[in-house]
Amino acid sequence: MNIKDKDVIIPCIMCNESKPLSTHWADITADRIIRERGEKDTYVCASGITPSGTVHIGNFREIISVELVVRALKQRGKKVRFIYSWDDYDVFRKVPQNMPKQELLETFLRKPITLVPDVLGDEASYAAHNEKSLEKILPVVGIEPEYLYQAERYRASKYAAGIRIALDHRDVIRGELDAHRTTPLAEDWYPVSVFCTNCDRDTTKVTAWDGEFGISYICDSCGNSETVDLRNTPAVKLPWRIDWPMRWSVEGVDFEPAGKDHHSEGGSFDTAKLTGKEVFDFNPPVTFQYDFVRIKGGSGKISSSSGEVVSLADVLRFYQPEVVRYLFAGTRPNSEFAISFDLDVLKVYEDYDKVERSYFNKPENPKKLKKWEKDARIYELSQVGGVPEALPFQIQIRHLTTLLQIHSGDIDAVIAYLGDVPEADLDGFRVRAVCAWNWVNDFAPEDFRFALRKPEDGKSALDVNLAAAVGALGILAADKLGDIPEKEFSNLMYNVIHEHELESGEFFTAVYQALIGKDKGPRLLSFLHVLGKDVVSGLLGAY
RNA sequence: GGGCCGCUAGCUCAGUAGGUAGAGCAACGCCCUUUUAAGGCGUGGGUCAAAGGUUCGAAUCCUUUGCGGCUCACCA
């Protein structure tokens with residue numbers, strides 16, 4: 001396969017002339033789409049899912065993967081239609097564990113999810129609730145596809161022609177599916193599924209097809225039997241493996257990735273490819289396989305039907321939008337990666353900041369340039385909007401967590417303390433600060449957390465000599481802290497330690513006790529400076 | 001059973017138009033009387049899972065094997 005591609009490329013003049021835009025996977029895919037689908041006016045890139053539960057961060061991987069490719073195509077001057085399909089005419093098969101009103105939901109099993117009530121809010125349906133909660137948050141990370149609601153389309157009989165084609169090719173399709181099934185489909189199988197018009201359940205059996213648009217069925221649940229016309233009934237839809245290629249042909253999809261569960265041999269992409277070609281006369285889209293996203297510390301694959309669901313909204317509570325994009329843009333789609341909520345969060349922010357600084361500092365050295373180009377492309381793709389013109393204000397995430405804790409989470413107080421956050425970067429700063437504060441409260445290790453004591457809390461119980469030393473530091477701070485270089489203050493502080501004949505360790509512990517009521521804390525010297533003369537002398541002066 | 005992915009320094013991983021093996025952390029050494037995974041400078045460290053093949057040249061391409069993981073063979 002690859003060899004064939006090379007044979008085609010090597011004689012190509014363009015490829016000798018112009019280098020690819022980059023070797024980032026989104027660019028490689030965009031180039032492949034143009035190459036394989038030919039020069040077109042508009043390219044259709046598709047993604048979609050069944051909203052049968054909370055849309056989780058693993059599902060998001062598909063969406064952002066498509067969006068990154070869409071961007072790459074647009075940057076090549078192409079027009080792109082980015083569609084996101086809500087497969088909300090699928091059956092409600094199982095009640096997710098994380099949903100309330102389990103008993104109520106159970107009564108809706110086997111009905112289309114678009115007819116299941118919203119137990120979490122007041123949307124029109126269970127499906128709509130899951131749809132809206134994602135649609136509301138996607139723009140935050142710069143993603144705004146065109147949504148297609150399949151229930152609406154099926155129920156309006158928009159796919160009558162496609163269903164008819166499937167029926168016409170019933171035997172071909174059965175052969176394609178049987179090739180990978182353990183138990184072959186029955187002789188009287190039809191490539192459609194029917195929701196009973198009386199009870200809405202799909203517990204039906206097709207009893208006849210008139211060779212045109214008439215489908216007869218009987219419902220096992222309520223006994224209803226009737227004949228419907230594909231051209232005006234909301235009842236009939238195609239099963240997934242046939243539905244997918246039919247919709248490819250309707251929308252003219254040029255690119256659609258899929259998870260590894262679809263991409264195995266005999267999986268749904270595999271059979272859909274065949275059905276697309278042989279039944280719907282449509283050349284299957286360019287694709288790639290993406291792997292799952294794990295949650296660090298979580299128990300394996302995250303799934304909307306398991307209790308533990310991590311949504312995009314959850315991730316955005318701890319990671320600012322650019323960093324979320326960075327996580328996905330910086331990882332090849334077909335390798336698994338974990339989103340961490342532990343100390344790695346700090347590392348991820350530091351990495352992102354490093355890439356950001358690097359972006360605005362292009363190296364001369366050709367060897368370094370290669371790595372720079374890759375990082376720079378990842379940085380570009382990580383931006384929600386455009387790339388900033390100059391290096392934005394940066395604050396080390398660790399420092400930020402310390403500042404926030406000193407100010408009890410008051411972001412405005414931190415901004416005031418810093419004093420030098422540029423107006424233009426204030427919004428971004430606030431977003432990061434909110435994330436950092438959420439992280440400190442929800443996930444930071446105990447050692448990491450502290451709360452400043454207040455004078456009215458009284459004194460910590462300290463040995464007499466230690467208390468005297470702490471008091472002396474308080475006096476020293478009142479006199480000099482912030483007025484002289486950190487280094488000089490450090491020397492004076494050690495003088496205090498020696499005068500009281502203390503080990504530095506026990507002294508440090510005592511100071512932390514007096515300041516935050518713990519044995520350890522942020523690196524003391526800089527911590528004292530950040531706290532400032534008044535706070536330090538206020539707390540230590542009591543000793 | 002089929003398919004896909006991975007196996008690179010002690011650890012976590014970068015590293016595809018094939019061209020002298022990289023980073024971070026850890027380790028070791030030196031410096032700073034300074035500890036939420038402090039800071040600075042420096043050093044060592046890899047038969048790129050194994051074996052074959054293609055090539056002037058392979059971590060990179062092909063084949064086989066081993067180990068690990070995921071996935072399909074219900075539904076979507």
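Computation of the quantities below employed the complete heavy-atom set of this structure, encompassing side-chain atoms and omitting hydrogens, waters and symmetry-equivalent molecules.
Heavy atoms of Leu343(A) sit under 4.0 angstrom from at least one base atom. Using a 4.0 Å heavy-atom distance criterion, Thr50(A) is classed as a sugar-phosphate-only contact. Contacts of Arg93(A) with the nucleic acid, taken as non-hydrogen atoms under 4.0 Å apart, include base atoms. If you check every strand for non-hydrogen atoms under 4.0 Å, Leu524(A) touches nothing. Residue contacts shown for Thr402(A) include a base, since a base heavy atom lies under 4.0 Å away. The residue Gly505(A) sits close to a base: some heavy atom pair falls under 4.0 Å.
Figure legend. G66(B) is base-paired to C7(B); pairs are counted as Watson-Crick or G-U wobble with both atom distances under 3.5 Å. Pair check for C28(B) finds G42(B); Watson-Crick or G-U wobble, both atom distances under 3.5 Å. Across all strands shown, U16(B) forms no Watson-Crick or G-U wobble pair with both key distances under 3.5 Å. The partner of C61(B) is G53(B), judged by Watson-Crick or G-U wobble contacts that both fall below 3.5 Å. Base pairing analysis places G1(B) opposite C72(B); the two distances defining the Watson-Crick or G-U wobble pair are each below 3.5 Å. The base-pairing partner of C48(B), taking Watson-Crick or G-U wobble contacts with both distances under 3.5 Å, does not exist among the strands shown.
Separation of the Phe288(A) and Phe255(A) ring centroids falls under the 6.0 Å cut-off.
Ring-base stacking between His263(A) and C72(B) is not satisfied when judged by a centre separation under 5.5 Å and a plane angle under 30°.
For the P atom pair drawn from G44(B) and G53(B), the interatomic distance equals 35 Å after rounding to whole Å. Distance check on atom P: A14(B) versus C74(B) gives 35 Å, rounded to whole Å. When the C1' atom is compared between C75(B) and U12(B), the two are found 38 Å apart, to the nearest whole Å. With both ends at atom C1', the span from C32(B) to A38(B) equals 11 Å, rounded to whole Å. A9(B) sits 11 Å from A50(B) when the P atoms are compared, rounded to a whole Å. Distance check on atom C1': A58(B) versus A21(B) gives 12 Å, rounded to whole Å. Comparing the C1' positions of G15(B) and G24(B) gives a spacing of 15 Å, expressed to the nearest Å. Across G39(B) and U33(B), the matching C1' atoms stand 15 Å from one another, rounded to whole Å.
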- prompt: Passes side chain to side chain donor-acceptor pair (under 3.5 Å), Glu256(A) versus Thr287(A)? Steps please.
  reply: CA-CA 5 Å; Glu256(A) 179 166 3; Thr287(A) 187; over 6 Å; no

Note to self: Run Asp519(A) and Gln513(A) through side chain to side chain donor-acceptor pair (under 3.5 Å) and show every step you take.
What the structure shows: CA-CA 6 Å; Asp519(A) 286 345; Gln513(A) 277 295 343; 2.7 Å; yes

Mind running ring pair (Phe, Tyr, Trp, His ring centres under 6.0 Å) on Phe269(A) and Trp248(A) for me, showing each step along the way? CA-CA 12 Å; Phe269(A) 195 92; Trp248(A) 283 344; 5.2 Å; yes

Decide yes or no on ring pair (Phe, Tyr, Trp, His ring centres under 6.0 Å) for His407(A) and Trp437(A), but give the supporting numbers first.
CA-CA 11 Å; His407(A) 294 96; Trp437(A) 185 238; over 10 Å; no

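Here the side chains of Val91(A) and Leu109(A) are not in contact, with every heavy-atom distance at 4.5 Å or above. You'll find the side chain of Tyr84(A) stays beyond 4.5 Å of the side chain of Leu148(A), heavy atoms only.
At whole-Å resolution of the value, CZ in Arg523(A) and C1' in U35(B) are 10 Å apart. Atom NE2 in His529(A) sits about 16 Å away from atom C1' in A38(B), given to the nearest Å. Regarding Asp519(A), its CG atom lies at a distance of 16 Å from the P atom of U35(B), rounded to whole Å.
RNA chain B is contacted by both Phe507(A) and Gln289(A); Gln289(A) maps to the nucleotide lying nearer its 5′ end (nearest heavy atom per residue). Heavy-atom distances to RNA chain B give each of Leu185(A) and Ile28(A) a nearest nucleotide, and the one nearer the 5′ end belongs to Ile28(A).
For Glu265(A), whose side chain is taken as the heavy atoms from C-beta onward, the closest listed nucleotide among A76(B), U33(B), G3(B) is G3(B). For Phe508(A), taking side-chain heavy atoms from C-beta onward, the closest of the listed nucleotides C72(B), C75(B), U35(B) is U35(B). Closest to the side chain of Phe292(A), out of U71(B), A76(B), U35(B), is U71(B).
Relative to the six-membered ring of Tyr349(A), Arg432(A) misses at least one condition, a distance below 6.0 Å or an angle of at most 45° to the axis.
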Please produce a list of atom pairs where a protein N or O lies less than 3.5 Å from an N or O of nucleotides 10-15 of chain B.
unit_1	atom_1	unit_2	atom_2	d
G15(B)	OP1	Arg332(A)	NH1	3.2
G15(B)	OP2	Arg332(A)	NH1	2.8
G15(B)	OP2	Arg332(A)	NH2	3.4

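With respect to Arg110(A), the salt bridge (charged side-chain N to carboxylate O under 4.0 Å, His left out) criterion is satisfied by exactly one of Asp220(A), Asp202(A), Asp90(A): Asp202(A).
One finds a side-chain N or O of Thr182(A) lying less than 4.0 angstrom from the OP1 or OP2 phosphate oxygen of C74(B). Distances shown here put a side-chain N or O of Arg241(A) below 4.0 Å from the OP1 or OP2 atom of A73(B).
Between the side chains of Ser52(A) and Arg93(A), not a single donor N or O lies within less than 3.5 Å of an accepting N or O.
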